[in-house]
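What follows is a set of notes on a single structure, which appears directly below.
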Amino acid sequence: MTAQQTDLTYRNPILDADWSDPDVIRVGDDFYLTASSFGRVPGLPLLHSRDLVNWTLVGHALDRLEPADAFATPRHDCGVWAPSLRHHDDRFWIFWGDPDQGIYQINAPEIRGPWTRPHLLKAGKGLIDPCPLWDDETGEAYLVHAWARSRSGIKNRLTGHRMHPDATSLLDEGKVIVDGDRIPGWFTLEGPKLYRHDGWFWILAPAGGVETGWQGAFRSRGFFGPYEEKVVLEQKDTDVNGPHQGGWVRTPSGEDWFVHFQQRGAYGRVVHLQPMRWGADGWPVLGADGAPVAVHERPDLPPQPPAAPATDDDFPGGRYGRQWQWAANPQDGWATQHSGDGLRLTCVRSADAHDLRRLPSILTQRLPGRPAVVEVELRLDSEEPGARAGLAVLGDAFSWIGLQRAADGTVQLVHRFAEGVAEQERDADHPRPAPEGRALLRIEIGSGARCRFFHDVGDGPRPSGQVFAATPWRWVGALLGLFALAPEDGPGHAGAGMFTHFRITAM
């Protein structure tokens, strides 16, 4: 869905879905953005824009998560945290931290690849939010990163390294260059982005937590400090809570802009665009004198047609679009190609059929950030008792509606859910016959991510169950999901679920 806008203005958020921890660069007339993808595959989404307002998803940089066996099952809040995107030496570079493994980098000659395999630049627990800098003035390269206390026992600090210019190794043991504990009132300092400007080393880094924090700026004449700090963006009297963590970009005409996120509960971290200028004191000024803007004059860039990352899908030839991600590293055969349209998901045998949160073979996309209707048509092509397929809203709690083959051989429309503290699902409504083995499934997502489920098994649309309030995981917004399952102990192939005409429309 596109941000509301006119020919002269734009409205925040510019990306109204969970594009967490965005970073942005410009190469020529093109702008590129990447974001956290945590445990979903493919990872590291790649977005493109010509005007900083309208964005399209052009691919992903990471085909599989490593080490592969660690991501054979869902780890929703792990994996790829807070990447940095850069362009240097005619190559694109992405650095990210896996809080359980360390700091990785990949690179490619073009944004669409081919991307190198992940290179572990610094191994260790709790190493997150890395950002490189190649200093054109001196030829030296640097790296800064933050810490996750959950793995390392350390937080609120930024550590700096000298780095080999080819980004294959670090040249020292590292030094704490900013200690947030020494700055009165600062906590949870993280997400640094490193720049060189006007003779200074600059670190733009948030603090204060994702829901209530602020954006800070740090500057020093030398990379290793000492740094002085200033708050440059905070909520003030706006409704944009915790405006922070993102990247600075300059347009060809010399305008400066800052892209950041706002934490919005089940919707995840939506992306805002703030004007940026340099004040008389040499410090950056973000938004409207340090407060986030809701509506603002558009960047001085050539007009572009409205655009947004794709959501709808007809699944031509059985292939799914770039907007879809698996909940873990995929296996061959989960989705099979064919000559027509429609997504044919194999009914994967699983011991975790009672809990979609544990299911690796669920195909997901982001929950829309505004009220919307989600629809998909489903046919269950399975004779296996217990086989099922459906449409889900997935988070710390989940709810799904779909079709299941009963023990007596009939197909039933079922609607199930699980609370966040529950270890398995239970019925959200009474099962009902689906005599043709088909159903139109519908979810109306209202304000506050409150979801009302509907179905049509040939006798007209009917509501199902109670309203379900979508919930996020700890760091990830709620997801929409398509899945097909079968009991673990059955013999042979268990059939498939066929999904067609997936649509998301504004309410």
Residue pair [X] / [Y]: nearest heavy atoms and the distance that separates them:
| X | Y | result |
| --- | --- | --- |
| L46 | H60 | CD1-C, 3.7 Å |
| Y267 | G448 | OH-N, 3.4 Å |
| I183 | V178 | CD1-CG1, 4.3 Å |
| P472 | G477 | CB-CA, 4.0 Å |
| A217 | P284 | CB-CG, 4.0 Å |
| A82 | S36 | N-OG, 2.7 Å |

Problem set entry | Candidate pair L158 and V176, rule side chain to side chain contact (heavy atoms under 4.5 Å, CB included), full reasoning | CA-CA 6 Å; L158 304 180; V176 174; over 6 Å; no

How many angstroms lie between atom [atom1] of [X] and atom [atom2] of [Y], to the nearest 0.5 angstrom?
| X | Y | atom1 | atom2 | answer |
| --- | --- | --- | --- | --- |
| W200 | S220 | CH2 | OG | 7.5 Å |
| T311 | L57 | OG1 | CG | 11.5 Å |
| S49 | N54 | OG | CG | 6.5 Å |
| D300 | E255 | CG | CD | 5.0 Å |
| Q466 | F417 | CD | CZ | 9.0 Å |

Please determine whether a side-chain nitrogen of the Lys or Arg among [X] and [Y] lies less than 4.0 Å from a carboxylate oxygen of the Asp or Glu.
| X | Y | value |
| --- | --- | --- |
| D396 | R474 | no |
| D289 | R277 | yes |
| R86 | D23 | yes |
| R442 | E375 | yes |
| D21 | K193 | no |
| R151 | D100 | yes |
| D30 | R50 | yes |

Taking the six-membered ring for Trp and the single ring otherwise, decide whether the centroids of [X] and [Y] are under 6.0 Å apart.
| X | Y | value |
| --- | --- | --- |
| H244 | W214 | no |
| W93 | W115 | no |
| Y320 | F315 | no |

Problem set entry | Name of the residue among D16, D239, D18 meeting salt bridge (Lys or Arg N to Asp or Glu O under 4.0 Å) with R264 | D16

Check the orientation of [X] and [Y]. Use parallel for under 30°, tilted for 30 to 60°, and perpendicular for over 60°.
| X | Y | result |
| --- | --- | --- |
| H296 | Y10 | tilted |
| W278 | W202 | perpendicular |
| F92 | Y32 | perpendicular |
| W400 | F483 | perpendicular |

Exercise. Ring pair (Phe, Tyr, Trp, His ring centres under 6.0 Å) between W248 and H197: does it pass, once the steps are laid out?
Worked result: CA-CA 11 Å; W248 161 41; H197 173 68; 5.5 Å; yes

For this session: Tell me, please, which residues at least two apart from E228 pass salt bridge (charged side-chain N to carboxylate O under 4.0 Å, His left out).
Result: R219

Between [X] and [Y], is any pair of side-chain heavy atoms under 4.5 Å apart?
| X | Y | answer |
| --- | --- | --- |
| L189 | F218 | yes |
| P99 | S150 | no |
| F31 | T251 | yes |
| L127 | K122 | yes |
| L143 | T159 | no |
| L363 | F499 | no |
| W55 | L15 | yes |
| I362 | L394 | yes |

For this session: List the steps, then state whether side chain to side chain contact (heavy atoms under 4.5 Å, CB included) holds for L33 with L85.
Result: CA-CA 7 Å; L33 182 150; L85 175 63; 5.7 Å; no

Problem set entry | Sole residue of F398, F468, F454, F453 in ring-ring contact (aromatic ring centres under 6.0 Å, His included) with H415 | F453

Exercise. Are R196 and F201 in a cation-pi setup, meaning NZ or CZ lies under 6.0 angstrom from the ring centre and within 45 degrees of the ring axis?
Worked result: yes

Exercise. Within 45° of the axis and under 6.0 Å from the centre of the six-membered ring of W257, does NZ or CZ of R250 qualify?
Worked result: no

Exercise. Any luck finding a side-chain donor-acceptor pair between H272 and Q262 under 3.5 Å?
Worked result: yes

Exercise. With a 3.5 Å cut-off and no angle check, do the side chains of H260 and Q274 form a donor-acceptor pair?
Worked result: yes

For this session: For side chain to side chain contact (heavy atoms under 4.5 Å, CB included), just list the numbers for F502 and V374, CA-CA rounded to whole Å, side-chain angles, deciding distance to a tenth of an Å, and then say yes or no.
Result: CA-CA 7 Å; F502 184 90; V374 182; 3.7 Å; yes

Exercise. So, the side chain of Q304 versus the backbone of P302: is there a donor-acceptor pair under 3.5 Å, distance only?
Worked result: yes

Problem set entry | Residues D314, R503; criterion salt bridge (Lys or Arg N to Asp or Glu O under 4.0 Å); working and verdict | CA-CA 9 Å; D314 287 320; R503 297 289 184 270; 2.9 Å; yes

Exercise. With sequence neighbours left out, what residues match Y227 under ring-ring contact (aromatic ring centres under 6.0 Å, His included)?
Worked result: none

Problem set entry | Residues W19, V270; criterion side chain to side chain contact (heavy atoms under 4.5 Å, CB included); working and verdict | CA-CA 6 Å; W19 302 94; V270 303; over 6 Å; no

